Student: 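Quick one: the structure is below, questions incoming.
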Amino acid sequence: MAEFPVTDRTRVRQVPRRGAYDKETVYRILDEGLICHVGFVEDGQPFVMPTLYARLEHRLVLHGSPGSRMLRHLAAGNRACVTVTLVDGLVLARSVFHHSVNYRSVVVLGAGRLVTAEAERLRALERLTEHIVPGRWSDARRPSAEEMRATAVVEVSIDEASAKVRTGPPVDDEEDYTFAVWAGVLPLEEVALAPLADPRLRAGIALPRYVRDYDRRRARAE
Ligand SMILES: Cc1cc2nc3c(=O)[nH]c(=O)nc-3n(C[C@H](O)[C@H](O)[C@H](O)COP(=O)(O)OP(=O)(O)OC[C@H]3O[C@@H](n4cnc5c(N)ncnc54)[C@H](O)[C@@H]3O)c2cc1C
């Protein structure tokens, strides 16, 4: 199946032409994003928590303290809404009303599950590490048995998903195109700055290429 089913809950209603439901678009955005926001309702109280994540095939994996409210809630099999947002630019129109943002975003609806099998937990942690810094898993020390016990791994199935993407210049009212104000797009992107070596770094350790060349846009460029 190359497309997520469009349901009443996932159909993009405002500017529907910006909606996309194909797995390629949805997965590319999920693979480029760094953090997600996990929305869930506990005892009638909604929470929306920022957290790291990674996509592992048709699910999202999350990790953290076993005491985490969010992870405990998901581990119990409850449903969640997970969003990922990439901001590509500020769209400055001639009128305030038509100002906008170029973005790519995904909303996922799915159910939580506690990952318990040790090999599966390790694979999820590898995927998380590689999602954040590709190349790091094979360099850093692997988790000890004690560290594994102190880490909860939870996944959220990508049952329903939609993407919404805005690109391009502002769209002004026709009569405003003669208005004497600058209009256009101010592109924005998440870029890595120069790495700061740990003051306690052992002498003689070179900067890894995956740090030097870190670039989250790789999923877009591929
Ligand atoms: C960029 C980023 C990445 C993160 N990655 C992870 C991760 O991979 N794993 C992980 O377990 N946690 C991560 N966190 C921390 C996460 O947001 C939660 O603080 C943590 O998971 C505890 O969640 P909880 O459900 O137990 O919240 P609780 O401790 O139950 O918190 C609920 C209350 O505390 C407030 N609160 C909790 N967290 C935050 C926060 N981050 N900012 C402001 N208010 C907060 C809530 O608003 C709420 O009122 C990350 C946070 C950020 C900002």
Side-chain angles (χ1 to χ4, degrees), residues 20 22-38 48-65 68 70-71 82-91 101-108 115 119-144 147-148 150-156 158 161 163-168 184-222:
D22 61 288
K23 289 192 172 172
E24 193 186 337
T25 303
V26 168
Y27 286 175
R28 265 177 184 257
I29 295 168
L30 291 176
D31 291 346
E32 186 174 331
L34 185 58
I35 63 155
C36 67
H37 287 84
V38 180
V48 179
M49 305 302 292
T51 193
L52 295 166
Y53 74 98
R55 179 178 70 87
L56 189 53
E57 295 156 2
H58 55 280
R59 51 203 192 271
L60 300 173
V61 290
L62 313 174
H63 82 313
S65 158
S68 155
M70 169 184 72
L71 295 180
V82 183
T83 67
V84 170
T85 311
L86 306 172
V87 177
D88 293 325
L90 303 180
V91 180
V101 181
N102 280 341
Y103 62 88
R104 290 163 291 146
S105 53
V106 163
V107 172
V108 169
V115 181
E120 222 187 322
R121 278 158 49 76
L122 202 62
R123 181 157 173 252
L125 294 175
E126 175 178 357
R127 183 64 205 112
L128 261 165
T129 308
E130 288 294 301
H131 174 82
I132 299 158
V133 187
R136 192 61 177 166
W137 183 257
S138 57
D139 270 4
R141 178 179 65 72
R142 303 285 162 83
S144 65
E147 288 166 343
M148 288 299 284
T151 307
V153 176
V154 164
E155 63 180 38
V156 176
I158 309 177
K164 193 170 177 184
V165 177
R166 190 204 188 278
T167 58
V185 173
L186 178 60
L188 295 179
E189 63 183 45
E190 202 161 30
V191 290
L193 303 180
L196 305 170
D198 185 339
R200 294 187 57 180
L201 185 70
R202 263 180 50 187
I205 297 182
L207 185 70
R209 183 192 293 230
Y210 55 78
V211 177
R212 192 194 63 198
D213 299 339
Y214 188 83
D215 187 352
R216 289 221 66 79
R217 296 166 305 174
R218 67 194 175 280
R220 199 186 334 161
E222 274 165 12

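As the structure is a computational prediction, the values presented were derived from the model and not from experiment.
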Student: Any side-chain heavy atom of D88 within less than 4.5 Å of one from R104?
Tutor: yes
Student: Less than 4.0 Å between a side-chain N and a carboxylate O, is that true for D198 and R200?
Tutor: no
Student: Heavy atoms only: give me the nearest I29-Y53 pair and the separation to one decimal.
Tutor: O-OH, 4.2 Å
Student: So which atom in L30 and which in H131 form the shortest heavy-atom distance, rounded to 0.1 Å?
Tutor: O-CE1, 3.3 Å
Student: Is the shortest distance from a Lys or Arg side-chain nitrogen in E32 or R28 to a carboxylate oxygen in the other one below 4.0 Å?
Tutor: no
Student: Quick one: NE2 on H37 to OG1 on T85, what's the gap to the nearest 0.5 Å?
Tutor: 7.5 Å
Student: Does T83 form a side chain to side chain contact (heavy atoms under 4.5 Å, CB included) with V108? I'd like the steps, not just the answer.
Tutor: CA-CA 6 Å; T83 67; V108 169; over 6 Å; no
Student: Going from OG1 on T51 to CG on L60, what distance comes out if it is rounded to the nearest 0.5 angstrom?
Tutor: 11.0 Å
Student: Please assess N102 against V185 for the test side chain to side chain contact (heavy atoms under 4.5 Å, CB included), listing each intermediate value before the final yes or no.
Tutor: CA-CA 8 Å; N102 280 341; V185 173; 3.8 Å; yes
Student: Where is the tightest heavy-atom contact between L201 and I205, given as atom of each residue plus distance?
Tutor: CD2-O, 4.1 Å
Student: Check whether any side-chain heavy atom of L71 sits under 4.5 Å from a side-chain heavy atom of L62, and report yes or no.
Tutor: yes
Student: Which one of R127, R59, R121 satisfies the salt bridge (Lys or Arg N to Asp or Glu O under 4.0 Å) criterion with E155?
Tutor: R59
Student: Just wondering, do V115 and V154 contact through their side chains at under 4.5 Å, heavy atoms?
Tutor: no
Student: To the nearest 0.5 Å, what is the distance between CZ (R212) and CZ (R209)?
Tutor: 5.5 Å
Student: Compare every heavy atom of V84 with every heavy atom of C36, then report the nearest pair and how far apart it is.
Tutor: CB-CG2, 3.7 Å
Student: Would you give the length of the straight line joining atom CG of L125 to atom CZ of R123, rounded to the nearest 0.5 angstrom?
Tutor: 12.0 Å
Student: Answer yes when R217 and E190 have at least one side-chain N-carboxylate O distance shorter than 4.0 Å, and no when they do not.
Tutor: no
Student: Starting at OG1 of T151, measure out to CE of M148 and round the result to the nearest 0.5 Å.
Tutor: 6.5 Å
Student: Please name the pair of heavy atoms, one in I132 and one in R216, separated by the smallest distance, quoted to 0.1 Å.
Tutor: O-NH1, 3.3 Å
Student: Taking the six-membered ring of Y27 as reference, does the cationic atom of R55 (NZ for Lys, CZ for Arg) lie under 6.0 Å from its centre and within 45° of its axis?
Tutor: yes
Student: Which heavy atom of E130 sits nearest to which heavy atom of S138, and what is that distance?
Tutor: OE2-N, 4.5 Å
Student: Find the distance between OH (Y214) and CG (L193) and round it off to the nearest 0.5 Å.
Tutor: 12.5 Å
